[in-house]
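Below, each value reflects all heavy atoms present in this structure, side chains not excepted, and no hydrogens, waters or symmetry copies. We count ligands from 1, going down the list as the structure has it; atoms in each ligand are counted the same way. Throughout, numbering of the chain's residues begins at 1 and tracks the sequence.
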Amino acid sequence: MTLTSATDVAVRVDGLVLRYGRTTALDGVSVTLGAGVTGLLGPNGAGKTTLLRVVATAIRPDSGAVSAFGHDALSGPGRLAVRRRLGYLPQDPGFHPSFTAFEFVDYVAILKELTSRSARHAEVRRVLDLVGLDAQRGKRIRALSGGMRQRVALAAALVGDPALLILDEPTVGLDPEQRMRFRELFAELAEDRAVLLSTHQTEDVMSLCRVVVVLDQGRVRFSGAPLELAGLAAGRVWTSDTRAPGALASWRTGTGAYRNVGDPPAGASLLSPTIEDGYLTLVDLRSTEGQR
Ligand SMILES: Nc1ncnc2c1ncn2[C@@H]1O[C@H](COP(=O)(O)OP(=O)(O)OP(=O)(O)O)[C@@H](O)[C@H]1O
C-alpha cells in the first residue's frame with residue numbers, strides 16, 4: 001500500500017495504556033497517522049518515546065490496539081508484516097563504534113531480511129547516498145561527527161524503503177544547516193509515507209508537520225494542525241516593559257521588552273502567537289517541573 005492521500009490511514013492507535021511499574025507512561029492514547037509528517041511534542045517524560053516504541057513494535061502495551069496497513073501490530077503474524085514496512089530511528093541506535101557507516105547499515109539490512117548480498121549492498125549504498133554520506137561510507141562510526149552519526153542512523157531506518165518512518169528526536173544535536181537538510185529529506189520522504197516524528201523543536205513542527213500531537217503525562221492533550229496549536233494562544237500573548245508575574249511564561253527578549261504567555265492584563269498589547277506559545281498554554285510547565 002502506498003499512501004496517496006493524507007486521508008489514507010497508515011496507523012491506528014487506540015486506547016494505549018502502558019505502565020512501567022507504578023509509572024503510567026501511556027494513559028489511554030489514541031492517534032491515527034496518514035501520509036505526511038505527524039509531530040509529537042511533549043515535555044520530558046510525557047510518553048513520546050514509549051509511544052514510538054509501541055508503534056515500532058519494540059514493546060507491547062498493557063492494553064489497547066495498534067494496527068498498521070491493515071495488520072494487527074500486536075499479534076505475531078501482524079507484527080512481522082508491520083515490521084517489514086517500518087523504519088525506526090531510536091534515540092540511541094546502538095552503534096558499534098568500530099563498524100564503518102557501511103558495515104552498520106549493512107548489519108541493519110541483514111536484520112531486515114535482505115539476504116541477497118549484491119541487492120543488499122546496492123540498498124545500503126542507496127540509503128547512504130540519500131542521507132549524503134556516500135563519501136563517508138568507509139569511515140568508522142567513532143570517527144564521525146554527531147550529525148553524521150545521526151545520518152547513519154537515518155540511513156539505517158530507510159533501508160528497504162519503509163512506508164512508515166518512526167523518528168525519535170532525529171535532529172537533536174544537529175547544526176542549523178544539517179537540521180535544514182534533514183527537514184528537506186523528511187518532507188520529501190513524507191510525500192507518500194507516514195512519518196511519526198518526536199521532537200522538542202517547535203520550528204521543525206511548524207515547518208514540516210501536517211498534524212501535531214501534544215502528549216503530556218501519558219495523555220493526548222491536543223491533536224490538529226500546527227496553526228491550530230498556535231491559535232490556542234490567540235489573545236494570550238502580549239508584550240510588556242517588565243516581567244509579568246502571573247504569566248505562564250515571561251521572558252525578556254533581545255529588544256529589552258518582555259514577551260508573556262498567559263492571561264493578559266486589560267489593555268495589554270497583544271502579539272501573534274507561535275506554536276510554542278500554543279504549546280505553553282496547554283502544558284503548564286510550572287505545574288510539572290517538580291515531578292520530573
Ligand atoms: N524502561 C523504563 N522503565 C521505567 N520507567 C520508564 C522506562 N522508560 C520510560 N519510563 C518512564 O515512563 C515515562 C515516559 O517516558 P518516555 O521516555 O516515554 O518519555 P518522553 O516523552 O520520551 O521523554 P523525553 O522527552 O525525556 O525523551 C517517564 O516517567 C519515564 O521515566
Inset, instruction - Decide if atom CD of Gln201 counts as having more than 12 heavy atoms of other residues, nucleotides or ligands within a radius under 6.0 Å. - result: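 Yes, the 6.0 Å shell around CD holds more than 12 heavy atoms from other groups.
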Inset, instruction - Please check if atom CZ in Arg125 has more than 12 non-hydrogen atoms from other residues, nucleotides or ligands closer than 6.0 Å. - result: yes
Legend entry - atom 31 (O) of ligand 1 within contact range, any protein heavy atom under 4.0 Å: no
Inset, instruction - Just say parallel, tilted or perpendicular for the rings of Tyr107 and Phe104, cut-offs at 30° and 60°. - result: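 Tilted: the ring planes of Tyr107 and Phe104 meet at 30° to 60°.
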Using a strict 4.0 Å cut-off to heavy atoms of [X], name the atoms of ligand 1 that fall inside it.
| X | answer |
| --- | --- |
| Ala25 | 12 (O), 13 (C), 14 (C) |
| Pro43 | 21 (O) |
| Gln91 | 27 (O) |
| His200 | 25 (O) |
| Glu169 | 25 (O), 27 (O) |
| Ala46 | 19 (O), 20 (P), 21 (O) |

Legend entry - Check: Val261 and Trp251 side chains under 4.5 Å, non-hydrogen atoms: yes
Legend entry - 4.5 Å side-chain heavy-atom contact, Leu41 and Val213: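 Not in contact.
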Inset, instruction - Following the transitive rule for hydrophobic clusters with a side-chain heavy-atom cut-off under 4.5 Å over Ile, Leu, Val, Met, Phe, Trp and Tyr, establish whether Ile141 and Val105 coincide in one cluster. - result: yes
Legend entry - Proximity winner for atom 17 (O) of ligand 1, if only heavy atoms of Thr199, Asp168, Thr49, Asn44 are counted: Thr49
Inset, instruction - Report yes or no: is the cationic atom of Arg85 (NZ for Lys, CZ for Arg) under 6.0 Å from the centre of the six-membered ring of Phe69, at an angle within 45° of the ring normal? - result: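 Ring-cation test returns yes.
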Inset, instruction - Determine, using heavy atoms of Gly42 and all atoms of ligand 1, whether some pair is separated by less than 4.0 Å. - result: no
Inset, instruction - Mind checking whether Ser198 contacts ligand 1 via backbone (N, CA, C, O), side chain (CB onward), both or neither, at a 4.0 Å heavy-atom cut-off? - result: neither
Legend entry - Residue part near ligand 1, for Thr23, under 4.0 Å between non-hydrogen atoms: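 Thr23 to ligand 1: side-chain contact only, backbone stays beyond 4.0 Å.
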Inset, instruction - Give the residue, atom name and distance (to 0.1 Å) of the protein heavy atom nearest atom 25 (O) of ligand 1. - result: Lys48 NZ, 2.7 Å
Inset, instruction - Kindly compute the distance separating CG (Leu86) from OG1 (Thr57), expressed to the nearest 0.5 Å. - result: 5.5 Å
